[in-house]
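Working notes, beginning with the structure itself.
What you see is a predicted model; the values in this text were computed from it and never measured. Throughout, a chain's letter reflects where its sequence line sits, starting with A, and its residues are numbered from 1.
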Protein chains: 2
Amino acid sequence: MAHIPRLYVPNPLASASEFELAEGQARYLIKVMRLSDGATVRAFNGKDGEWNCTLRSQGKRGFLAPATQTRPQENGSNLHLLFAPIKKARNDFIIEKATELGVAVISPVITDYTQNKRLRVDRMELLAIEAAEQTERLDLPKIYDEMSLTAALEAWPTDVPLFYCDEAGDTKPMINALEQYTNLSAGILIGPEGGFSPNERELLRSLDFVTPVTLGPRILRAETAVVSALTLWQSQVGDWQKQPYLPKN
Amino acid sequence: MAHIPRLYVPNPLASASEFELAEGQARYLIKVMRLSDGATVRAFNGKDGEWNCTLRSQGKRGFLAPATQTRPQENGSNLHLLFAPIKKARNDFIIEKATELGVAVISPVITDYTQNKRLRVDRMELLAIEAAEQTERLDLPKIYDEMSLTAALEAWPTDVPLFYCDEAGDTKPMINALEQYTNLSAGILIGPEGGFSPNERELLRSLDFVTPVTLGPRILRAETAVVSALTLWQSQVGDWQKQPYLPKN
């Protein structure tokens with residue numbers, strides 16, 4: 001299967017506006033993919049849709065000249081993921097999957113039972129770029145620095161519903177809870193291994209914009225809960241009524 | 001938070017039937033967890049529910065004596081996952097997540113675009129045991145040796161619906177397709193990176209028991225599609241109406 005490489009670039013994409021690629025991207029296209037001058041590369045920047053571009057190399061340097069727009073810019077749902085950081089490989093997985101599943105904003109939140117409090121936004125951004133490139137997304141999620149759960153709840157806009165997955169039960173399955181919602185803005189909060197502390201659960205349940213939900217009888221790992229909750233939201237409220245986008249090769 | 005260790009064992013679980021633990025499990029409880037004689041350990045075997053057991057050690061050897069049954073045996077949905085093997089870490093992830101999400105049977109299937117054809121069932125079984133232990137599951141999924149997609153389809157019971165996620169689109173979102181089903185037996189088939197070949201799609205679409213479905217506009221990685229498809233099935237047809245099971249510590 002032919003496969004046209006697809007890159008996120010920070011540059012404006014418009015006809016007759018050639019730009020230079022970052023060193024790593026130039027090396028990838030010229031040395032790793034062994035593309036020659038004149039090869040087609042797809043590029044998106046989160047603003048100007050997706051473009052077929054023409055590659056030009058000059059020694060180690062690489063340049064892209066946008067030729068034709070292949071897709072106009074589309075903005076996804078205004079879905080905000082708040083997650084308590086866990087172990088490194090599983091955090092990486094959360095960033096990758098949240099990007100694939102179309103989240104607009106990712107906020108790490110520190111909860112009472114959070115073990116891992118060291119996170120690097122630059123590293124998370126690289127993972128999100130890679131996931132956006134391979135999933136045919138047209139934009140990147142915004143990734144915020146970590147903050148405490150209390151601060152995140154205080155800053156939350158009260159007209160936006162926030163769903164949190166409560167392993168302690170005593171509430172509705174998420175698929176049923178979502179039946180009442182059509183608001184295209186929403187937040188989903190996933191706790192760490194061990195769930196939320198009793199104080200946190202009390203706080204969360206006291207807030208009008210918060211809806212506790214369950215994800216079945218088994219206790220899911222945090223990263224599984226992220227994918228499951230985002231899947232249910234996108235299927236019932238978000239953009240999963242749309243057909244898959246397949247590039248024309 | 002106190003946490004009682006939970007182990008899968010192959011032995012019968014009944015009052016007054018002490019048994020010896022496998023070497024690795026004994027070492028884990030006695031050396032790693034540093035449990036003393038008389039400590040409580042939870043055990044399940046897929047047949048007799050879950051039991052609180054009493055640990056006894058003898059040098060490096062460990063023994064468990066089942067004391068009280070904490071949960072009766074329950075059998076989950078009869079959900080069968082067929083997946084095309086991908087890269088090692090992502091295969092591991094599929095086994096772990098399918099187990100967490102309550103799949104009864106896992107079959108690797110070799111498709112036209114399958115790159116990785118080397119799989120070790122014993123390794124997959126260890127991953128499934130670990131996931132079942134941590135997810136409060138009461139049984140293990142059965143894991144079959146790999147077979148060709150054609151052979152798997154020929155052997156499929158024609159009264160059991162089989163859903164496959166078709167990146168080529170031209171069909172219904174999975175959440176809508178599931179609305180017609182209440183059959184607690186089902187199969188879910190996930191292809192490799194690159195999806196199914198034109199011949200495979202033609203074969204799949206010619207079979208009465210097969211329903212193609214989509215998972216939104218973005219192209220998901222295979223392991224993401226596994227979690228998303230299983231989540232939707234469990235939420236709409238399977239056991240996600242049940243509350244989470246929380247052990248009493």
- Task: Return the option, out of M174(B), Q236(B), K172(B), with the maximum number of heavy-atom pairs under 4.5 Å with chain A.
- Result: Q236(B)
- Query: Hey, which of V227(A), L220(A), L232(A), L215(A) is the one that makes side chain to side chain contact (heavy atoms under 4.5 Å, CB included) with T231(B)?
  - Reply: L232(A)
- Task: Among P217(A), A131(A), P173(A), single out the residue with the greatest number of heavy-atom pairs under 4.5 Å to chain B.
- Result: P217(A)
- E136(B) side, atom CD; E167(A) side, atom CD - distance, nearest 0.5 Å: 9.5 Å
- Message: Quick check on T171(B) against chain A: is it the side chain, the backbone, both or neither that has a heavy atom closer than 4.5 Å?
- Response: backbone
- When the 4.5 angstrom heavy-atom criterion is applied to E223(A) and chain B, the contacting part is side chain
- Would the number of heavy atoms belonging to other residues, nucleotides or ligands and lying under 6.0 Å from OH of Y8(A) be above 12? yes
- Task: List the atom of P244(B), the atom of D166(A), and the distance in Å for their closest heavy-atom pair.
- Result: CG-O, 4.0 Å
- Item | Exercise: identify the closest heavy-atom pair between K97(B) and T224(A) | NZ-OG1, 2.9 Å
- Query: So which heavy atom on S228(B) is nearest to which on W240(A), and how close?
  - Reply: OG-CH2, 3.6 Å
- chain A contact via I175(B) - side chain, backbone, both or neither, heavy atoms under 4.5 Å: side chain
- Relative to chain A, which segment of E96(B) carries a heavy atom at a distance below 4.5 Å: side chain, backbone, both, or neither? side chain
- Please flag which part of N176(B) lies under 4.5 Å from any non-hydrogen atom of chain A: side chain, backbone, both or neither. side chain
- Counting heavy-atom pairs under 4.5 Å with chain B, the top scorer among E74(A), R137(A), Q241(A) is Q241(A)
- Query: Do any of residues 99-106 of chain A have a heavy atom less than 4.5 Å from a heavy atom of chain B, and if so, which, in residue order?
  - Reply: T99(A), E100(A), L101(A), G102(A)
- Message: With chain A as the partner, which of T214(B), L230(B), D239(B) has the greatest number of non-hydrogen pairs under 4.5 Å?
- Response: D239(B)
- Query: Does any heavy atom of chain B fall under 4.5 Å from the side chain of Q243(A), the backbone, both, or neither of them?
  - Reply: both
- Query: At a heavy-atom separation under 4.5 Å, does A168(B) approach chain A through its side chain, its backbone, both, or neither?
  - Reply: both
